[in-house]
Amino acid sequence: MRKFIRWIGTEKGKGAGFSLLSAGNLLIALITYLRFAQIAGIFGTTWQTDAVAIAMVIPLLLQQLISTAFGSAFMPIYSRVMYQKGREAANRLVSRIINWMVLSGAVLIGLVLASGTLTVRLVGLGAAPEIIDLAAEILRIFLPLVFLNAIEGILQNFLIYGKRYGLVSFARVLQILVSYLVLLWGHGRFGIMIIPISGLVGAMASFATCSVMSFILDLRLHMVADPRDSDFRELVKLAVPITIGVVTGFLGPVADKALASFLRTSSVTAIDYASRIKNLVRIVLVQPAIVLSTVSFSKIAARGEPARLKGEIADFIRYIAYYTVPISGALAVLSTPLISVLFQRGNFGPEESEMVGYALAFYSPWFAQFGIGLVVRRVFFAMKESVIPAVLGIWAMLANILLNVILLGPLGIGGLALATTLTSAAKTLLLMYFLRKRLGGMGGSVFVPEYGRILLATGVMIGYMVLLGGVMPISLEAPLSDRIMKLAVMVVPGGIIYIAVSAMLGSTTFVDYRRIISDRIFRRRNP
């Protein structure tokens, strides 16, 4: 065990870092799925799960306000301070950030507690009184997560900058594993309250791990809170527009749940489950590349190398698009049978699979562009520019709410998911437009033709899946083994078709991935 900890704690390059982060995220996805399936099987989709979905909105918003704003601004400023002033100045910057996060977090939590059930009622506008009362009780348990996850986010950024990708993956896996084990142990004793309790215990374990690891790697915190420090002021200046963008971005999911509460019971749970699955896929597919791009863009921007930055942008976009676009297409076709295979057991039956799968199908095109949007946002932050992403975030929020109202009637919860997809895609295109103007180009001659080849190969794959689905449809009432077999017959050959067609079309990303894999295999055989 000691050798394993020592190995994952060493510095890693970009390739090894991506592998460690991806492996960690796959483990996280697996355990999260097991935990999620356990919750679905035990509690199904009821008024109690609606209460959990409503209660989670506020802690997640506060966490994003504190951690994402400072976290997104952290890497560009920290990179510059380390590059120009050294370790001691960087440690003092981290200390100021954490101290102010604690203070601001305490104030925000106090405001939420003082507002009582009013805050929860704003999220669940159409929810029944018993749902609001239970949501308020669950909220009080969720709130400490704000402190733990927010501070841990900064500590993880510190570890990521030092290329300790294995340590970050270890801490994240530990959090969800502990949460899952506590859920298994206590669901019979605590009922629905075990969901926030297990989340809190997992966060405590992960926070303790990151704190110890950061101390071992020479992070020394100081009791400094003077906001007049020039580096801290630069970070705050960058963080304020990001904070506005986080708030506006979060109003979209809040509006989704508020409008879903006017539909039939369990609609809030259905849209929440579909959103969680969407985020789970995002963690596996997009997050490792985004972590690496944040470090890479920040360091390149700190050194003032615009030509290299453009090349790095183009590479990250095509690498992410190569696997997110086909998975987006597959989810659009197979969302409902996939949900039935993953969750249909216990109190989660075919009707619940239909509801969640219906919403997920409208979310699925979101994957084809969201990773690109995150990459472009990270470039803006690396260049210490956060106003444009914030303004576009406000516009997207307003457009999302408007589309929610328009699409809710004809499409139900599917309309809420489609509104999110459309506004997110529009925001990504606008971010790319403004970044191109800012940089005088962003490698479009490299990734635009490649994206076209990826779309064409994905279209062929989708055609195969639709054709086969017409020949051998998947019944939600069929045995689990039958559904798994038919789903595998669609997914596995479909993936092979996509790769083969992309290779025939001359995909440069396919060539790069093939070279990376062959190089790794060759190095293992000939160390």
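Closest heavy-atom contact between Ala359 and Ala274: CB-CB, 3.6 Å. A pairwise comparison of heavy atoms in Ala419 and Leu403 identifies CB-CB, 3.6 Å as the closest pair. Between Lys427 and Leu392, the closest heavy-atom pair is CD-O, 3.9 Å. For Leu139 against Ala55, the heavy-atom pair with the smallest separation is CD1-O, 3.6 Å. Considering every non-hydrogen atom in both Ala51 and Ala135, the closest pair reads O-CB, 3.5 Å. The heavy-atom pair separating Leu331 from Ser364 by the smallest distance is CB-CB, 3.6 Å.
By the side-chain contact (heavy atoms from CB on, under 4.5 Å) test, Asp133 is found to be paired with no residue, residues two or more places apart in sequence or in another chain being considered. Scored by the ring-ring contact (aromatic ring centres under 6.0 Å, His included) test, Phe370 finds Trp366 as partners (sequence neighbours excluded). For Phe297, the ring-ring contact (aromatic ring centres under 6.0 Å, His included) partners at least two apart in sequence or on another chain are Phe316. Under the rule for a side-chain contact (heavy atoms from CB on, under 4.5 Å), the partners of Ala426 that lie at least two apart in sequence or sit in another chain are Trp395. By the side-chain contact (heavy atoms from CB on, under 4.5 Å) test, Leu177 pairs with Ile31, Leu181, sequence neighbours left out.
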Between Leu374 and Ile320, does a side chain to side chain contact (heavy atoms under 4.5 Å, CB included) hold up when you go through it step by step?
CA-CA 11 Å; Leu374 283 182; Ile320 289 176; over 6 Å; no
Pair Met397-Ile401, side chain to side chain contact (heavy atoms under 4.5 Å, CB included): steps then yes or no
CA-CA 6 Å; Met397 179 270 295; Ile401 293 175; 3.5 Å; yes
Evaluate the criterion side chain to side chain contact (heavy atoms under 4.5 Å, CB included) for residue pair Leu27 and Ile176; output intermediate values, then yes/no.
CA-CA 9 Å; Leu27 269 176; Ile176 189 62; over 6 Å; no
Check against side chain to side chain contact (heavy atoms under 4.5 Å, CB included), Val379 and Met383:
CA-CA 6 Å; Val379 180; Met383 298 188 302; 4.2 Å; yes
Stepwise salt bridge (charged side-chain N to carboxylate O under 4.0 Å, His left out) check, Lys85 with Asp231
CA-CA 11 Å; Lys85 301 181 180 180; Asp231 298 322; 2.9 Å; yes
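Looking only at distances, no side-chain donor or acceptor of Thr324 sits under 3.5 Å from a matching main-chain atom of Ala368. With hydrogens and angles ignored, the 3.5 Å screen pairs no side-chain donor or acceptor of Tyr319 with any backbone N or O of Tyr513. Using modelled atom types, no side-chain atom of Ser424 and backbone atom of Thr420 make a donor-acceptor pair closer than 3.5 Å.
The closest side-chain heavy-atom distance from Ile313 to Leu439 is below 4.5 Å. Counting only heavy atoms from C-beta outward, the side chains of Leu167 and Phe170 never approach each other to under 4.5 Å. At least one side-chain heavy atom of Leu184 sits under 4.5 Å from a side-chain heavy atom of Tyr180. Residues Ile39 and Val52 fail the side-chain proximity criterion, which asks for heavy atoms closer than 4.5 Å. In this structure the side chain of Tyr451 reaches within 4.5 angstrom of the side chain of Val325, judged on heavy atoms. A heavy-atom distance below 4.5 Å is not found between the side chains of Val376 and Thr428.
To the nearest 0.5 angstrom, Leu416 atom CG is 11.0 Å from Thr421 atom OG1. Here CD of Glu137 is found 6.5 Å from CG of Leu134. Values are rounded to the nearest 0.5 Å. Remark: Leu431 CG to Arg438 CZ distance equals 13.0 Å, nearest 0.5 Å. Remark: Ile388 CD1 to Arg377 CZ distance equals 13.0 Å, nearest 0.5 Å. To the nearest 0.5 Å, atom CG of residue Leu430 and atom CG of residue Leu435 are 12.5 Å apart. Between Ile97 atom CD1 and Phe232 atom CZ the span is 7.0 Å, to the nearest 0.5 Å.
Ion pairing between Asp512 and Arg318 holds under the 4.0 Å rule for side-chain N and carboxylate O.
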Got a list of side-chain donor-acceptor pairs under 3.5 Å for residues 189-215, not counting sequence neighbours?
{"from": "Ser198", "atom 1": "OG", "to": "Arg35", "atom 2": "NH2", "distance (Å)": "2.7"}
{"from": "Ser198", "atom 1": "OG", "to": "Ile194", "atom 2": "O", "distance (Å)": "2.8"}
{"from": "Ser198", "atom 1": "OG", "to": "Ile195", "atom 2": "O", "distance (Å)": "3.0"}
{"from": "Ser206", "atom 1": "OG", "to": "Glu152", "atom 2": "OE1", "distance (Å)": "3.2"}
{"from": "Ser206", "atom 1": "OG", "to": "Glu152", "atom 2": "OE2", "distance (Å)": "2.4"}
{"from": "Ser206", "atom 1": "OG", "to": "Ala171", "atom 2": "O", "distance (Å)": "3.3"}
{"from": "Thr209", "atom 1": "OG1", "to": "Ala205", "atom 2": "O", "distance (Å)": "2.9"}
{"from": "Ser211", "atom 1": "OG", "to": "Phe207", "atom 2": "O", "distance (Å)": "2.8"}
{"from": "Ser214", "atom 1": "OG", "to": "Cys210", "atom 2": "O", "distance (Å)": "2.8"}

